[in-house]
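Heads up: the structure comes next, in structure tokens.
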Amino acid sequence: MLTVRKGGPQTTVQDLGRTGYQRYGVIVSGAMDTYALRMANLLVGNNENEGGLEITLGGFSARFGQDGLVAVCGGEMSADLDGRPVKLWRPLFVPAGAVLSFGAPKTGCRAYVAVAGGIDVPLVMDSKSTYLRAEIGGFQGRALKTDDEVPVGSLSGPQRRTVAAMRERGFFQPKWAVPAPPYSDDPIIRVMPGRQFRLFDEESRVRLFSEPFTVSLQSDRMGLRLEGHTLSLEEKQELISEAVAFGSIQVPPDGQPIVLMADRQTAGGYPKIGQIASIDLPLAAQLKPGDRITFEEISVEEGQWLYFHKERLIQELRTAIQWRWREWL
Amino acid sequence: MMDCSFEPLGDRAIMIEAAAEIGPEAQIRVRLITAALEAESPAWMTGFIPAYTTVAVFYDPLALNFKEAEQELASLLSRASEDRLPEVRTVEIPVCYGGEFGPDLPFVARHNGLTEQEVIDFHTGGDYSVHMIGFAPGFPFIGGMPSEIAAPRRETPRLRIPERTVGIAGGQTGVYPIETPGGWRLIGRTPIRLFLPEQDIPSLLRAGDRIVFRQIGTEEYREMEENAHAHRP
């Protein structure tokens with residue numbers, strides 16, 4: 001059990017999303033930065049799709065009711081355990097009664113906390129993700145607040161033995177860590193031309209890949225609203241609504257692009273000028289208002305090649321983490 | 001059979017273009033594709049989203065690349081057949097029109113030079129079908145509303161529209177399954193739920209369904225609403 005002391009601006013339970021129900025209009029939700037959540041889960045010996053906490057812009061703290069194994073990944077937010085600084089991208093032993101706290105974000109804007117055993121909330125449509133607008137999933141369909149008692153799932157055999165061994169040795173954190181993505185407040189993000197790319201005028205097509213955009217204040221889990229030069233269609237036209245995807249860059253009539261993120265609607269009628277490569281979505285997920293973003297054009301073949309390499313790296317890291325785990329037993 | 005074209009939607013999805021414009025032909029093609037995907041449900045497919053003229057298929061790029069997905073889908077669609085089409089269902093949606101549930105009913109009447117009851121008669125008399133589900137969970141994009149009761153959206157959207165409210169926007173009618181902001185003209189409310197998160201198929205309506213709106217009074221509304229809520233988890 002985790003007892004929340006401070007919820008912060010927005011802390012929700014998320015897994016890798018509610019896939020398979022989009023045809024009924026149900027949004028996917030899930031972690032904005034899926035790489036960080038997957039790594040946090042693997043580091044504590046969970047299935048990578050297990051439910052964890054997504055902490056937006058810090059300000060969260062919680063007390064652990066029992067000994068546990070935790071990992072914090074994603075944005076750097078001066079996390080500490082009873083005052084002792086916590087390093088990211090590696091496991092952390094948490095003794096019963098300890099308080100894990102987050103300060104203000106230093107890099108990125110979303111931190112992920114995985115707990116061995118997972119956050120134990122009911123599955124809604126096969127997922128633990130919080131869908132705030134429909135008030136379903138996660139912890140009572142809402143963001144966490146003070147005094148919430150968040151249940152933690154039971155540990156597997158290896159997790160239980162590891163936690164016991166760590167307590168015995170007075171373990172805190174190991175020296176090793178898994179690699180973090182190249183988070184930046186000024187990243188280059190790879191983009192494939194979108195379905196309606198050719199409907200945009202030449203100037204817009206050139207500028208998309210040559211001039212940076214700024215992330216606006218109106219950005220949230222649904223989408224990053226960008227500000228920059230206006231993008232316009234060669235000819236004004238109404239499009240027929242069709243499906244969108246995580247990372248679709250759509251352009252409403254005001255010409256300022258919106259990158260669709262985890263809480264995107266299932267379909268939309270605005271033209272899509274581009275589609276962010278899956279490998280770079282974690283970089284986009286960590287952007288906050290005021291950050292700059294530059295797009296670089298790649299082909300779908302390159303996007304899929306990068307995807308393949310990223311997944312292979314994650315497989316290797318999974319194996320490496322399992323090796324490290326054995327050292328503790 | 002169907003000549004569809006395929007285009008990438010990023011590195012994890014492929015868009016099947018079934019028709020160039022909205023219409024009965026597009027609707028039947030999208031339903032055929034949906035039925036074929038449902039029947040075969042290939043292991044590499046992670047989900048799909050049918051819309052007016054397209055179906056997006058999401059896939060695992062570790063299992064196959066775009067070219068292979070295109071080939072797999074072309075062959076899958078060659079096996080699509082009308083025999084697999086599920087029967088067209090007719091779903092009745094009872095609506096309590098006007099009053100506190102439909103604050104814009106007087107506007108829609110005035111705008112079209114009709115009485116409120118005439119608006120209701122046109123609305124219940126339409127020949128409706130569901131083109132697609134989207135925008136919100138279980139939200140149906142419905143075609144077939146009589147043009148006599150068309151009404152423009154509000155200039156300033158309302159911040160909160162209660163769930164199950166029935167509205168009109170331009171020549172379209174729809175029902176809000178969950179509380180949302182929106183600019184539609186609100187003419188009534190249904191006591192039945194359209195979004196059913198506790199069920200395997202979380203949407204009351206599906207693309208292809210026919211819809212009949214039936215006028216009910218306040219008393220019947222209360223009774224049905226109570227019933228629907230009694231079954232809520």
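Below, chain A is the first sequence line, B the second, and so on; all start at residue 1.
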Using non-hydrogen atoms and a 4.5 Å limit, figure out which bit of A:Val244 sits close to chain B: side chain, backbone, both or neither. backbone
Would you mind telling me which of A:Glu302, A:Arg195, A:Glu135, A:Gln275 has the largest number of heavy-atom pairs within less than 4.5 Å of chain B?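 Of A:Glu302, A:Arg195, A:Glu135, A:Gln275, A:Arg195 has the most heavy-atom pairs under 4.5 Å with chain B.
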So which of A:Met192, A:Glu242, A:Gln265, A:Gln304 has the biggest tally of heavy-atom pairs under 4.5 Å with chain B?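 With the most close heavy-atom pairs to chain B, the winner is A:Gln304.
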Any side-chain heavy-atom pair of [X] and [Y] under 4.5 Å:
X	Y	value
B:Thr53	A:Ile240	yes
A:Ser241	B:Phe135	no
A:Tyr307	B:Leu62	yes
A:Glu301	B:Pro8	no

Which region of [X], side chain (C-beta onward) or backbone (N, CA, C, O), has a non-hydrogen atom less than 4.5 Å from a non-hydrogen atom of chain A, or is it both or neither?
X	result
B:Ile178	side chain
B:Met45	neither
B:Thr46	backbone
B:Ala13	neither

For chain B, find its close neighbours in residues 20-30 of chain A: heavy-atom separation under 4.5 Å, sorted by number, or none.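 Expected list: A:Gly20, A:Tyr21, A:Gln22, A:Arg23, A:Tyr24, A:Gly25, A:Val26.
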Is the count of non-hydrogen atoms from other residues, nucleotides or ligands lying under 6.0 Å from [X] atom [atom1] greater than 12?
X	atom1	answer
A:Asp254	CG	yes
A:Glu238	CD	no
A:Arg225	CZ	no

